[in-house]
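Below: one structure, written as structure tokens.
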Amino acid sequence: MGTEFAETVVIGGGQQGCSVAGALSRLGYQALVIERGEIGQAWANERWDSLRVNTPNRTVAFPDWPYDGDDPEGYMPAREVAGRLRSYVAAMGLQVREHTSVRVVEFPIDEALHEGARFRVRLDDGDVVEARNVVAALGGYSSPRVPEVAAGVDLSVTQLHARYYRNPESLPSGAVLIVGAGNSGQQIADDLRDAGRDVYLAVGGHKTAPRRYRGAQILDWLQLLLPEGNLETASGGQPGGHGDSPVLPGVSVLSGKDGGQDLSLPILAAKGVTLVGSVRGAQGGVLVLEDNVRAVAQAAAHKERELLKAIDAAIEQRGLVVPAADPSPEYDPSLIKDYGGTLDLVAGGITTIIWATGFVPDYGILPAEALDQDGLPVHRRGMGTLPGLYYAGLPEAGSVMPLLIAATRNQAERVARHIQMDNTLRHRSPMAIGGLWT
């Protein structure tokens with residue numbers, strides 16, 4: 001055990017954290033990345049086997065490391081993202097300490113052993129790292145969220161969070177209920193149904209969008225045309241949170257499967273998935289439902305129409321020459337119907353429940369002064385409220401774009417430039433700031 005110094009400690013070795021370290025390396029600085037698991041932990045070990053990235057391969061790029069494969073418009077498997085990230089770390093010579101957890105970050109610190117240190121990072125193995133800068137690259141979706149209602153389900157039913165689902169064969173025989181209709185919920189429902197399983201999907205609020213629209217990827221339109229790619233505002237929602245604290249919005253439901261597909265409640269219903277209302281209670285083998293299947297489907301369709309109208313308006317304003325919009329697919333309205341107020345698990349043959357109910361952030365290792373009353377980081381475009389504290393991989397003013405791999409490079413370079421400015425001014429070499437523009 002001992003105390004060492006690193007000018008910048010990056011907490012989290014996913015694409016956000018490693019990209020910040022890479023951007024700093026490009027400017028001549030070395031950061032120490034601390035990762036609780038392995039590089040790209042979530043992509044490598046915490047996703048189901050068939051998952052493919054939702055954004056085109058060309059967006060899987062890191063600072064000074066563009067995509068160099070032969071399928072830029074394809075969608076790579078999740079584990080390939082982790083492999084590319086490991087290759088990036090090795091090629092850039094980044095310092096990553098794997099299988100190491102941070103216990104707490106202290107600020108301010110008394111009697112620092114190293115000049116200029118502002119933070120003391122205590123590790124679970126007893127070691128201590130003093131740092132001038134800390135970058136929390138923990139992401140907004142770190143801890144699985146399982147609702148309290150799960151405790152009321154009969155113990156004979158297997159229950160797991162979507163993080164721990166791997167493949168259909170890993171589940172007991174019988175029908176499966178997925179609770180939650182976001183990206184994970186709908187993709188897992190699709191995965192199980194394609195494997196021949198009987199699947200129930202308990203719906204909840206979500207957003208949908210076509211994979212492609214008027215000649216381009218929907219995410220390209222969001223990035224290029226809408227203010228900061230703000231999907232919430234474009235689809236009629238309102239950003240929230242404390243200042244620019246994250247509101248943890250979800251991205252539109254899409255699938256990278258089979259070259260990229262649209263996904264929605266009507267599509268799943270047409271494949272034989274049984275749609276039921278939102279789960280509101282559990283009494284052993286019977287779940288209490290809100291009878292809201294049609295309302296949820298209609299709300300998702302409304303948000304999609306509003307999003308496409310916002311893109312159309314931006315195209316017209318800029319005078320872009322693009323193809324006309326394809327007609328909306330026709331769905332059998334009888335596929336979307338309310339289910340009723342209860343679901344009998346035994347009668348439905350349901351032996352497994354997968355809670356695709358999202359994640360909550362966990363920033364409890366940071367100083368309390370950096371967090372709001374809900375324990376969420378207070379930040380503005382990744383700049384924290386404490387000197388030398390930065391964030392990577394959080395929503396910004398309601399925009400979902402920073403959550404995507406495509407945005408990690410820009411976020412990382414912005415954080416790196418701020419760290420360089422602090423360093424050059426502290427050492428009274430303001431002329432070096434010129435490097436920020438190159």
Side-chain angles (χ1 to χ4, degrees), residues 6 8-21 23-24 31-36 41-42 101-109 118-123 129 131-145 228-233 237-251 358-405 407-419 421-422:
T8 300
V9 168
V10 180
I11 306 173
Q15 72 258 16
Q16 292 97 351
C18 291
S19 290
V20 170
L24 284 168
L32 171 62
V33 181
I34 300 174
E35 166 54 46
R36 62 180 173 84
Q41 171 70 18
S101 295
V102 172
R103 182 161 58 86
V104 67
V105 177
E106 297 174 353
F107 175 96
I109 58 176
R118 294 188 284 209
F119 299 91
R120 185 174 289 121
V121 182
R122 295 190 182 275
L123 309 180
V129 183
R132 181 161 181 82
N133 310 296
V134 167
V135 182
L138 302 171
Y141 302 89
S142 53
S143 297
R145 187 184 75 83
E228 298 193 27
N230 196 322
L231 183 56
E232 290 289 315
T233 300
Q238 293 297 326
H242 179 66
D244 276 353
S245 290
V247 294
L248 306 182
V251 296
F359 297 80
V360 293
D362 184 0
Y363 286 85
I365 61 172
L366 296 182
E369 304 93 310
L371 309 176
D372 68 12
Q373 65 272 18
D374 298 316
L376 298 177
V378 181
H379 74 107
R380 184 169 297 278
R381 302 191 73 207
M383 308 300 120
T385 56
L386 301 179
L389 178 62
Y390 306 90
Y391 300 95
L394 286 178
E396 296 173 359
S399 171
V400 300
M401 300 308 289
L403 304 175
L404 304 177
I405 296 177
T408 58
R409 181 171 49 189
N410 291 339
Q411 268 200 322
E413 290 174 348
R414 184 198 313 152
V415 170
R417 288 194 296 270
H418 279 272
I419 290 174
M421 179 177 291
D422 172 70

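Here, residue 1 is the first one in the sequence, and each next residue gets the next number.
Looking at heavy atoms from C-beta onward, Val415 lies in side-chain contact with Met383 at the 4.5 angstrom threshold. No side-chain heavy atom of Asn133 sits less than 4.5 Å from a side-chain heavy atom of Phe119. Contact check for Ile419 versus Val135: side-chain heavy atoms found under the 4.5 Å cut-off. Looking only at side-chain heavy atoms (C-beta outward), Pro377 and Tyr391 come within less than 4.5 Å of each other. Side chains of Leu138 and Asp362 form no contact here, defined as non-hydrogen atoms less than 4.5 Å apart. Between Val378 and Leu371 there is no side-chain heavy-atom pair separated by less than 4.5 Å. At least one side-chain heavy atom of Ile11 sits under 4.5 Å from a side-chain heavy atom of Ile365. Side-chain contact between Pro361 and Leu376: present, with at least one pair of heavy atoms (C-beta onward) separated by less than 4.5 Å.
Not counting sequence neighbours, the partners of Ala21 by the side-chain contact (heavy atoms from CB on, under 4.5 Å) test are Ala31, Val33, Leu94. Here Pro108 pairs with Glu369 under the side-chain contact (heavy atoms from CB on, under 4.5 Å) rule; sequence neighbours left out. Residues satisfying the side-chain hydrogen bond (donor to acceptor under 3.5 Å, both in side chains) criterion with Arg409, sequence neighbours excluded, are absent altogether. Qualifying side-chain hydrogen bond (donor to acceptor under 3.5 Å, both in side chains) partners for Arg145, counting only residues two or more places apart in sequence or in other chains: none. Every residue two or more places apart in sequence or in another chain that forms a side-chain contact (heavy atoms from CB on, under 4.5 Å) with Arg120 is listed here: Glu106, Ile109, Arg122, Val128, Glu130. Evaluation of the side-chain contact (heavy atoms from CB on, under 4.5 Å) rule for Ala42 yields Glu46, Arg47 as partners, not counting sequence neighbours.
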- [ ] Could you walk me through whether Val10 and Leu32 pass side chain to side chain contact (heavy atoms under 4.5 Å, CB included), step by step?
- [x] CA-CA 6 Å; Val10 180; Leu32 171 62; over 6 Å; no
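Residue Ala392 comes nearest to Gln16 through the heavy atom pair CB-CB, 3.9 Å, listed as atom of the first residue, atom of the second, then distance. Between Thr385 and Ala370, the shortest heavy-atom contact is OG1-CA, 3.7 Å. Across all their heavy atoms, Gly12 and Glu35 have their closest contact at C-OE1, 3.7 Å. Of all the heavy atoms in Gly375 and Tyr363, the pair that sits closest is O-CB, 4.0 Å.
To the nearest 0.5 Å, atom CG of residue Leu24 and atom OG1 of residue Thr8 are 5.5 Å apart. Considering CD of Glu413 and OG of Ser19, their distance stands at 9.0 Å, rounded to 0.5 Å. The CZ atom of Arg381 lies 4.0 Å from the CZ atom of Arg414; values are rounded to the nearest 0.5 Å.
Under the 3.5 Å distance criterion, the side-chain polar atoms of Arg417 are left unmatched by any main-chain donor or acceptor of Ala412.
Note: Tyr390 and His418 have tilted aromatic rings, judged against thresholds of 30 and 60 degrees for the angle between ring planes.
A salt bridge between Asp422 and Arg118 is present, with a side-chain N of the basic residue lying under 4.0 Å from a carboxylate O of the acidic one.
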